[in-house]
Number of protein chains: 2
Amino acid sequence: MNLQQLGYLVALDTHRQFGLAAEKSFVSQPALSVQVQKLEEELGVLLFDRTQRGAEPTAVGAQVIAQARRVLHEAQQLRELVQVAKGEVVGELRLGVISTLAPYLVPRFLVGLSTAYPNLRVHIEELRSEEIMLRLKDYRLDVGLLVTPLDDRLLHELPLLDEPFLLLASEDHPLAARATVSPADLASPGLWLMQEGHCFRNQVLNLCGRAASTGAVAYESGSIETLKELVRHHHGYTLVPELAVLDEVDSNPLLKRFVAPTPVREVSLVVHHGFVRTTLLTALRELILASVPTRLRAGKSGEKIRWR
Amino acid sequence: MNLQQLGYLVALDTHRQFGLAAEKSFVSQPALSVQVQKLEEELGVLLFDRTQRGAEPTAVGAQVIAQARRVLHEAQQLRELVQVAKGEVVGELRLGVISTLAPYLVPRFLVGLSTAYPNLRVHIEELRSEEIMLRLKDYRLDVGLLVTPLDDRLLHELPLLDEPFLLLASEDHPLAARATVSPADLASPGLWLMQEGHCFRNQVLNLCGRAASTGAVAYESGSIETLKELVRHHHGYTLVPELAVLDEVDSNPLLKRFVAPTPVREVSLVVHHGFVRTTLLTALRELILASVPTRLRAGKSGEKIRWR
DNA sequence: TAAATTTATAACCAAAACCTATAAGCAGCG
DNA sequence: CGCTGCTTATAGGTTTTGGTTATAAATTTA
């Protein structure tokens, strides 16, 4: 067994085809085939069922592949450990961000990050929270930027912000006349929600005690921006996180703050336990914190709303 | 980087000398030297300081070695995973047992174990609890047999027994006349203790509320057997775990049971999290449980005495 | 049935890892 | 001071390993 073979194994699992996996591994198809065969021989089990359409892991194979990922990850950690010791921030950063944070936060720190570390290749993907958690655990992402707490033993959370929820009302909605609002007001009809699967939706539902009454039209949006536009053009109201309305929060009278205790969402950087690139993680935290108003920083006050 | 090189690295750390490490790795000294050099070159850091007396890890080197152990461990887990899937119980089992359990428990299951799995090489070492915990975390032991709970995130406990403490009095000690005893009686003078470092000593001290008053002679023993002999030949009394006196527990009037709630020590098999050889672990548990009276099995009753 | 697609095998080549032999560096000691 | 004895490093040659291209074999698809 060697790391190369384990790499081929994982590539083959990813692409489910010897030729394709070989291409992605920058070797010829026979090279990869032979190495997988050798590994199977050494372990004494069939790891893949070969068909004409490609390769499928066997039951044992799937377990072995998962373990191979762990081995490769630990090996990668070793390399990163050395880079940290040398004070280098290089290589690749695969960052997963939820879509209710990405448009408001990423543009604030992305340029700063790649300026500070020109040798760092940054990949950012917009994903649902659950998917980010899965990929962090699979080592297919390095860092997640999402809403916590997650209560997951394998993941380590680094809280950044306690971001207040605000209520955005359309001008002809009864709530438009209010100076502040409270969770009880969310029983009022006309609340627009994010679609299923977004943690923001769960949070809003938790905040209003699951008593949300939607309007006559049941359009569930995939982005905060759509929610805002819906409210601007139609009746109804919605909840938004403060970062989504930062530039109008003081000027727009239709944006209502909640009375204390302010409901907030805890925004954190999340990594797999044993993540060793501390310089990078710290830099990322500092860049993000520096890019938002101080009042949003974690630990100030407010009541954390959970989404799971 | 490859697994071979990481193996050489760990061997060199263990033996602190290229020649010796090479010998233990079954290769020539130049072979090992060259591979370590190559790894250093690839990583771009010096991992060992070479002196005339041998090799010492640098600061980075020590970190890299620790990580290398993790990589090799995960690779080993992969192999064991396959063996489990094939239903094989082979290879090596490195078991650490504390000295207050070893003489009473090991002989009861050892023959059964090697009979059930003739292809398993069993290494048993008698060690202190702390040392067992360290070695489990370093992957220098596979399984520990000791007293729990340990409250250690990295270790997984599989409780086997709740083993009562008994009091053994010499015939001329005031306690000899008693039918049963209670923790309060441990204020009575003449209590013999295990030496510092044994978890059994801590448990006895915890049980008697640290109020132990030793006799005129302050001999602290290294084994339960010595304690028993001391009591048989001198004045005084001591505490013993039930397994140490199994064949005389009903016949010897100088052995006193505690009144309820019976103080017990929880005896467990302990492994590193992610231990995959479930068949072996289950077999070990069943063998041990079958070798002791049913009344000792974990979860029956009694009050667990902690040692840390 | 032929074409296309996929994995396996064969023959050959290059690189990596190993071995033996030996050099080189340094501590300790007469 | 210059041996001896210990260490690690280097050199030259051999074996092993992993790689390539070419091609066969098998099965799905048109």
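Since we're looking at a predicted model, the values are computed, not measured. Naming: A, B, ... by sequence-line order, numbering from 1 per chain.
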So, applying side chain to side chain donor-acceptor pair (under 3.5 Å) with B:Arg135, which one of B:His272, B:Glu130, B:Glu125 is it?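 When B:His272, B:Glu130, B:Glu125 are each tested with B:Arg135, the side chain to side chain donor-acceptor pair (under 3.5 Å) holds only for B:Glu125.
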Within the distance-only criterion (no hydrogens, no angle test), does the side chain of [X] pair as donor or acceptor with the backbone N or O of [Y] below 3.5 angstrom?
X: A:Arg277; Y: A:Val89; answer: no
X: B:Ser268; Y: B:Val270; answer: no
X: A:Arg201; Y: A:Met194; answer: yes

For a quick test of reading the model: is some side-chain N or O of [X] closer than 4.0 Å to OP1 or OP2 of [N]?
X: A:Ser33; N: C:dA8; result: yes
X: A:Gln35; N: D:dT17; result: no
X: A:Gln4; N: D:dG19; result: yes

Counting distance alone, no hydrogens or angles: does the base of D:dA26 have a donor or acceptor under 3.5 Å from a partner atom on the side chain of A:Gln52?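 Side chain to base: pair present.
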Going by modelled atom types, is there a donor-acceptor pair between the base of C:dA8 and the side chain of A:Gln37 at under 3.5 Å?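 Between C:dA8 and A:Gln37, which were checked side chain against base, a qualifying N/O pair under 3.5 Å is absent.
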NA contact type, [X], heavy-atom cut-off 4.0 Å: base, sugar-phosphate, or nothing?
X: A:Phe48; value: nothing
X: A:Gln29; value: base
X: B:Asn2; value: sugar-phosphate
X: A:Ala31; value: base
X: B:Ser28; value: base

Specify the separation, in whole Å, of atom [atom1] of [X] and atom [atom2] of [N].
X: A:Asp49; N: D:dA26; atom1: CG; atom2: P; result: 18 Å
X: B:Arg50; N: C:dA27; atom1: CZ; atom2: P; result: 17 Å
X: A:Leu32; N: D:dT20; atom1: CG; atom2: P; result: 10 Å
X: B:Leu39; N: C:dA17; atom1: CG; atom2: P; result: 11 Å
X: A:Glu23; N: C:dT5; atom1: CD; atom2: P; result: 14 Å
X: B:Glu41; N: C:dA16; atom1: CD; atom2: C1'; result: 14 Å
X: A:Lys38; N: C:dT9; atom1: NZ; atom2: P; result: 14 Å
X: A:Leu12; N: C:dA8; atom1: CG; atom2: P; result: 10 Å

Nearest to the side chain of [X] - [options]?
X: B:Gln17; options: C:dT7, D:dT7, C:dA10; value: D:dT7
X: B:Val27; options: C:dC19, C:dA17, D:dT8; value: C:dC19
X: A:Phe18; options: D:dT8, C:dT7, D:dG19; value: C:dT7
X: B:Ala55; options: D:dT28, C:dT7, D:dT8; value: D:dT8
X: A:Arg53; options: D:dT28, D:dG19, D:dA9; value: D:dT28

Which heavy atom of A:Leu43 sits nearest to which heavy atom of B:Val82, and what is that distance? O-CG1, 3.5 Å
Checking side-chain polar atoms at under 3.5 Å, does B:Tyr139 have a donor or acceptor matched by the opposite partner on B:Glu74? no
